[in-house]
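This report concerns only the one structure given below.
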Amino acid sequence: MGLAALGAGWAVIPRPRELALMRLRDKQFDRAFFDYEARYKSGDRSAPTVGALTDIYLQHGNVPKAIELLEEHLKRNPSDVAARRRLGAYYQFAQQPLRYVENLELLLAGKPSEEDLRELSRAYSFFHRPSEQVRTLRRLVEHGYAKPQDALDLANLLASQGKMREAAELLASRKQFDNSMAEMLVRLRLDAGQPEEATAVIARAAAVETDESAARLVAILAARGQRRAAREAVAGLGERALRSPELLAQWTSIETALGETGTAFERLDRLASERKLPCPLADAWMELALRKQRRDRAIGAVLNPVCPIDKMPAWLAEGLLEASIGANRLDAAEMLRRLFGERLVQNRPLLAYDWAMARGDRAAAQSALERAAQAASTESAREQVAAHFIKHGELERALRFGARSRQTLLDVYYLASGSKLPALQLRAANALVASFDSTEVRILRASVLADLDQPLEALADLRPLRNLSEAGELYGRMLRSAALHHPVGAELANWARPRMGGPDREEIVELLRLQKQWDLALPAMADLARSKGDPWFWNFVESARSAGRKQMLGDFLRAEAARTDLPTPVLDQRIDLLAEENNNAALPHLAKRANRPGLPAADQRALAWRLLEGGDKSSARGVYERLAEQAGPRSNDVEQLLYVSR
């Protein structure tokens, strides 16, 4: 009995390993530590012993020792997955992320789990190691673990490495993809220079996605500069696009951006006529109607709305009010006022002005215009106010408000011209030159200066432009006008020289005479004197004498005295003038004249005396001989003959 009982009692006494485990479970860490450490030192390197001992180290806060123990264990047992996972946790406790990642890589050397692959991918992402993350995500795909977000992450990483087509093919190969994938695939196809494939993505996605999602894909395509492809993509959806507010809005926006507002308007207008226009597109339809100058349709939308219009944006309501006033459709304007109240014009005093004028309320219009003038703080606002002052007939105020607006200044200029207000017209012209100097405005100012009889001032603008066809005629007119009262001789001569043979020759020559431009004027005057006679003859004689051109005058008179086509009185006049200038040159002509048949005796005696004074005794004697033959022996004629014959 005693031996048996003793044997039985021995059987229930814990052995050292079991005792250490019991103490560990009872959280008797100190006693357990001594037990397990003794076992470890005695050569027990089993996984349970190592595991228990590392737990005790961890409980004592000695993480480095726990890590060291596990690392030694894994050197002996590299395939111990549990120990490697425990080591990874300890690396995290010790805040050794790089060693944690290395340990995870070793853990995944065998057959990886989905959880471990995802953990490694997250670690690579954290440490910005895209190449390693790409490899890890590929393994997820290869092992069939990939989820939509994994595909997106992998595509993003490939794209960041410039592998656009590879990233696109990755997403395109998936049997199903959500909105995020579709959007990314469209962007990738575009980045890869594959706009047609991007359009195909939209067609594929639209078959399973909502209208809103499909519209977003179209918007991406348009925003990336592929508006025409985007238009074709949405047009390819046919009736679905016409029924969908989202798709139809994109379609309209794209065509508007392409400048195809006419096509966009016609589509919306057709739908409106058929009462099929989605109400969210009503504002776009009315806006396009205004832009395409289809005020009838815009106003019709106010009077017979296809959709409620009381919620339209204020800017559109204001545009419709302007259109209604412009078309004199006061019924539509009044309806808008009733719907939106006075707030429709309270912040738009110029619109309030137009509305008051349309109603014939000039007092209210003037009040609104004054409010607009006070509120005009920008150049654009001042220009608009100036335009309304012009409408109101207040050109002076329009000029003050629109002094920096070319159009306003031009309007004031021409209206002042029509109203016979040259001073105001000149102010507008001066402002134009000051701010918008050009050939056109210089000519405009010169024109009004011409009307104000200020040719010298006009010439200052015209001189640089005198060779231009649009300024040449006015320059010549101003130069001739200036020449009547101002010294512009040299300029006049330069301008006149190539025009001396033109139809204005006589006027030009007269101006040259006034300006004493003798070198150019006198030869022309001599020519006119020969061809036209008086008064040009006397003008030339007087001018030649005034200019001291004695030789020129003498040559001219000799030529005149030798003419045979002049009437006798005119010829005698020329000969007498020649005698005044050069009597010797006139003597042959006087002798010929004295021998003229039928000449009265008194005239013959006067001519004989002039011949005698000039030293031509021979011709004088001949005249006295004829006179003596007809007189008595004691006559004066005989005595003169005897005197001359001595």
Side-chain angles (χ1 to χ4, degrees), residues 211 215 218-219 222 227-228 230-232 234-235 237-359 380 384 387-388 391:
D211 291 344
V218 171
R227 293 193 183 96
R228 297 188 184 280
R231 178 190 59 193
E232 296 306 315
V234 71
L237 299 177
E239 287 297 320
R240 178 180 175 184
L242 294 175
R243 294 191 305 270
S244 164
E246 296 87 358
L247 290 169
L248 189 55
Q250 283 298 328
W251 199 351
T252 302
S253 174
I254 291 167
E255 287 186 328
T256 300
L258 287 170
E260 299 173 358
T261 53
T263 304
F265 169 70
E266 293 300 332
R267 180 183 301 106
L268 297 181
D269 195 51
R270 184 178 68 254
L271 291 171
S273 300
E274 298 170 356
R275 297 280 170 170
K276 296 179 181 179
L277 179 70
C279 283
L281 271 297
D283 290 350
W285 167 53
M286 288 185 284
E287 179 191 359
L288 285 172
L290 293 176
R291 290 178 62 176
K292 300 308 294 181
Q293 299 298 312
R294 290 295 304 276
R295 293 191 301 188
D296 57 328
R297 297 296 289 154
I299 294 170
V302 173
L303 296 174
N304 299 293
V306 297
C307 293
I309 64 171
D310 58 335
K311 301 299 182 184
M312 74 171 67
W315 61 265
L316 182 56
E318 292 168 1
L320 289 168
L321 179 59
E322 287 179 313
S324 300
I325 294 170
N328 200 30
R329 291 298 304 270
L330 302 190
D331 51 348
E334 182 59 27
M335 178 175 287
L336 287 165
R337 190 196 65 78
R338 286 201 305 269
L339 284 173
F340 295 94
E342 293 304 321
R343 63 187 173 88
L344 189 59
V345 296
Q346 66 183 2
N347 295 323
R348 293 278 305 276
L350 292 180
L351 185 57
Y353 168 90
D354 292 336
W355 176 222
M357 289 293 287
R359 301 193 312 271
S380 175
Q384 292 179 16
H388 280 72
K391 288 183 183 178

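If you read the sequence from its start, that first residue is 1, and numbering goes on from there.
The side-chain heavy atoms of Leu248 and Leu268, taken from C-beta on, include a pair separated by under 4.5 Å. Inter-residue side-chain proximity for Trp315 and Glu287 is flagged as met; some heavy-atom pair is nearer than 4.5 Å. With a 4.5 Å cut-off on side-chain heavy atoms, His388 and Met357 do not count as touching. With contacts defined as side-chain heavy-atom distances shorter than 4.5 Å, the pair Leu281/Leu271 does not qualify.
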Show me, pair by pair, the donor-acceptor contacts under 3.5 angstrom made by side chains of residues 294-309, not counting sequence neighbours?
unit_1: Arg294; atom_1: NE; unit_2: Asp296; atom_2: OD1; d: 3.3
unit_1: Arg297; atom_1: NE; unit_2: Asp269; atom_2: OD1; d: 2.7
unit_1: Arg297; atom_1: NE; unit_2: Asp269; atom_2: OD2; d: 3.3
unit_1: Arg297; atom_1: NH2; unit_2: Asp269; atom_2: OD1; d: 2.9
unit_1: Arg297; atom_1: NH2; unit_2: Ser273; atom_2: OG; d: 3.2

Using distance only, find each side-chain donor-acceptor pair of residues 324-335 under 3.5 Å and give its atom names and separation, not counting sequence neighbours.
unit_1: Ser324; atom_1: OG; unit_2: Leu320; atom_2: O; d: 2.8
unit_1: Arg329; atom_1: NE; unit_2: Asp331; atom_2: OD1; d: 3.2
unit_1: Arg329; atom_1: NH2; unit_2: Asp331; atom_2: OD2; d: 2.9
unit_1: Glu334; atom_1: OE1; unit_2: Arg337; atom_2: NE; d: 3.3
unit_1: Glu334; atom_1: OE2; unit_2: Arg337; atom_2: NE; d: 3.1
unit_1: Glu334; atom_1: OE2; unit_2: Arg337; atom_2: NH2; d: 2.6

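Between the CD atom of Gln346 and the CG atom of Leu351 there is a distance of 12.0 Å, given to the nearest 0.5 Å.
What you find for Arg243 and Pro278 is that their closest heavy atoms are O-CG, 4.1 Å. Considering all non-hydrogen atoms of both residues, Asp283 and Pro313 come closest at OD2-CD, 3.2 Å. Between Asp310 and Phe340, the shortest heavy-atom contact is O-CE2, 3.6 Å. Shown here for Thr252 and Ala264, the closest heavy-atom pair between the two residues is CG2-CB, 4.2 Å.
Under the salt bridge (Lys or Arg N to Asp or Glu O under 4.0 Å) criterion, the residue pairs touching residues 247-265 are Arg228-Glu260, Arg231-Glu260, Glu255-Arg267, with sequence neighbours excluded.
Residues satisfying the side-chain hydrogen bond (donor to acceptor under 3.5 Å, both in side chains) test with Thr261, not counting sequence neighbours, are Lys292. Evaluation of the side chain to side chain contact (heavy atoms under 4.5 Å, CB included) rule for Arg227 yields Ala222, Ile254, Ala257, Leu258 as partners, not counting sequence neighbours. With sequence neighbours excluded, the residues satisfying side chain to side chain contact (heavy atoms under 4.5 Å, CB included) with Ser244 are Asp211, Glu246, Leu247.
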- Candidate pair Leu290 and Leu316, rule side chain to side chain contact (heavy atoms under 4.5 Å, CB included), full reasoning: CA-CA 9 Å; Leu290 293 176; Leu316 182 56; 4.1 Å; yes

